[in-house]
2 protein chains.
Amino acid sequence: MRIGELARRTGASERALRYYEEQGLLSPARLPNGYRDYDERCAVTVRRIRILLSAGLGTAAVAEILPCVADDTVVLAGTCPELREGLAAERRRIDAAIGDLTAARDILDSLVGRPLYGPAAPAA
Amino acid sequence: MRIGELARRTGASERALRYYEEQGLLSPARLPNGYRDYDERCAVTVRRIRILLSAGLGTAAVAEILPCVADDTVVLAGTCPELREGLAAERRRIDAAIGDLTAARDILDSLVGRPLYGPAAPAA
DNA sequence: CTAAACCCTGACGTTGACGTGAAGGTCAAG
DNA sequence: CTTGACCTTCACGTCAACGTCAGGGTTTAG
C-alpha cells in the first residue's frame, strides 16, 4: 500500500510516516515511480512505534527495540547487556511516569469529588 | 524563604520557579530589595505543579486547577461546567496515557522475557 | 575594599516530533 | 490535454518547559 492508505489505517500523518523512515524506524520498499510501498507488517510496526513514542521513548530507543520485536516473536531475551540495561532504565522511567500520572489523576479526582481509589461508593 | 532554598527543597530549578511565576502559577511576595519571598505553602504548591506538569498538563491547565486545590481543602465540586469538562478531558487523557505506558511497558517486558502479566508461564 | 554568595531582569538557545508550505513528478478520469 | 488526487524531496516553522548566558544589583565574610 502507499503512504496515504497507511496513514489512514494507522492514524499517523504522512509526515510522521516519512519521519519514522528518516529516523530508521521503517524501511518501506519503493515502487518504480519512487512511491513508498508498505506491506501489512508495517501497519503493525507503526502502531508499535506510536505506543512506544507516546510512552516517552525517543526515536533512537524505539529504533533499538523494534528489530527485536519486529518478527512477531519475542527475540531478545539474551542480548548485549547495554541494551538490556537501557530497556530496564526505560522501564523504570515508565513506571515512574505511571506513578506521576496516577498521582495527577488523583488530584483531578479529588477536585471533582471522586473517591481516590477503589470502587468504594462516594459517601452518599 | 528565597528562591534558592525553595529550589533545593522542591527539586525545581530556579529558572523553573521563575517560569512558573511568569505563567501565573505562583505569586511570591517580594522583599524590599526585590528578591522573591516564598512561604511554606509555596513548597507544596510547587510539588503539585510538578506532578501535574509531568502528567502532561500544560501550564494553562495547571493554572486553572491550582487555585481550586490551593487552600489545602478540596474546594471545587460544583463549579462552572467548562472547568469540569476540562478536568474530565484531562482525566481521560491521563487514563489513555497510562494505557499507552502500560502497553509500552508490556512490550519492553516481553523483550526481556518477563511474563506479560497474568501468571501464565512463558511457553517453554 | 574585595571576594563570594546570593538575587534580579531580559533574551536567545535547546530538544523532539512532527506541521506546513514550496516546487514539482505521476497517473487515472473525463 | 487537463484537472485533480496522489506522491516525491527539501527545508523552515512550531510549541513547551525550561537551559543558559549577559549584564548588573546586594548582602555577608574577611
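Looking at A:Arg93, its side chain does come within 3.5 Å of a backbone N or O of A:Gly56 through a donor-acceptor pair.
At C:dC18, one or more side-chain N or O atoms of A:Tyr20 fall inside 4.0 Å of OP1 or OP2 (strictly under the cut-off). OP1 or OP2 of C:dT9 has at least one side-chain nitrogen or oxygen of B:Arg30 nearer than 4.0 Å. Between B:Thr59 and D:dA16 there is no side-chain polar atom (N or O) within less than 4.0 angstrom of OP1 or OP2.
Here the P atom of nucleotide D:dC6 and the CG atom of A:Leu17 are 15 Å apart, to the nearest Å. With rounding to whole Å, B:Gln23 atom CD is found 12 Å from D:dC15 atom C1'. Across the protein-nucleic acid pair, B:Leu52 atom CG and D:dC18 atom P stand 12 Å apart, rounded to whole Å. For the pair A:Glu14 CD and C:dG19 P, the computed distance is 11 Å after rounding to whole Å. Atom CZ of A:Arg15 and atom P of C:dG16 are 15 Å apart (whole Å). Rounded to an integer number of Å, the gap from CD of A:Glu22 to C1' of D:dA11 is 11 Å. Summarising the geometry, the separation between CG on B:Leu31 and C1' on C:dC6 is reported as 12 Å, rounded to the nearest angstrom. Atom pair A:Asn33:CG and C:dC27:P shows a separation of 5 Å (rounding to whole Å applied).
For D:dT9, its base never sits under 3.5 Å from the side chain of A:Arg18 at any donor and acceptor pair. B:Tyr19 contributes no side-chain N or O that forms a donor-acceptor pair with the base of D:dG19 under 3.5 Å.
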What do the steps show when you test A:Tyr38 against A:Ile3 for side chain to side chain contact (heavy atoms under 4.5 Å, CB included), and what is the final call?
-> CA-CA 7 Å; A:Tyr38 300 92; A:Ile3 198 171; 3.8 Å; yes

Could you go step by step and tell me if A:Arg9 and A:Val46 meet the side chain to side chain contact (heavy atoms under 4.5 Å, CB included) rule?
-> CA-CA 10 Å; A:Arg9 287 177 51 177; A:Val46 168; over 6 Å; no

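In plain terms, the two heavy atoms of A:Leu57 and A:Ile65 that are nearest each other are CD1-CD1, 3.7 Å.
The 5' end of DNA chain C is approached more closely, in terms of each residue's nearest nucleotide, by A:Ala16 than by the other of A:Ala16 and A:Tyr35. Both B:Gly34 and A:Gly56 lie near DNA chain C, and the one whose nearest nucleotide falls closer to the 5' end is B:Gly34.
When heavy atoms are screened at a 4.0 angstrom cut-off, A:Leu25 is found touching no nucleic acid atom at all. The residue A:Arg36 sits close only to the backbone: its heavy atoms come under 4.0 Å of sugar-phosphate atoms, none of a base. When heavy atoms are screened at a 4.0 angstrom cut-off, A:Arg2 is found touching the sugar-phosphate backbone but no base atom. Across all strands, A:Leu53 comes closer than 4.0 Å only to sugar-phosphate atoms, never to a base (heavy-atom distances). Counting non-hydrogen atoms under 4.0 angstrom, B:Ile3 reaches the backbone sugars and phosphates but no base.
If you check the side chains of A:Tyr20 and A:Arg50, you find a donor sitting under 3.5 Å from an acceptor.
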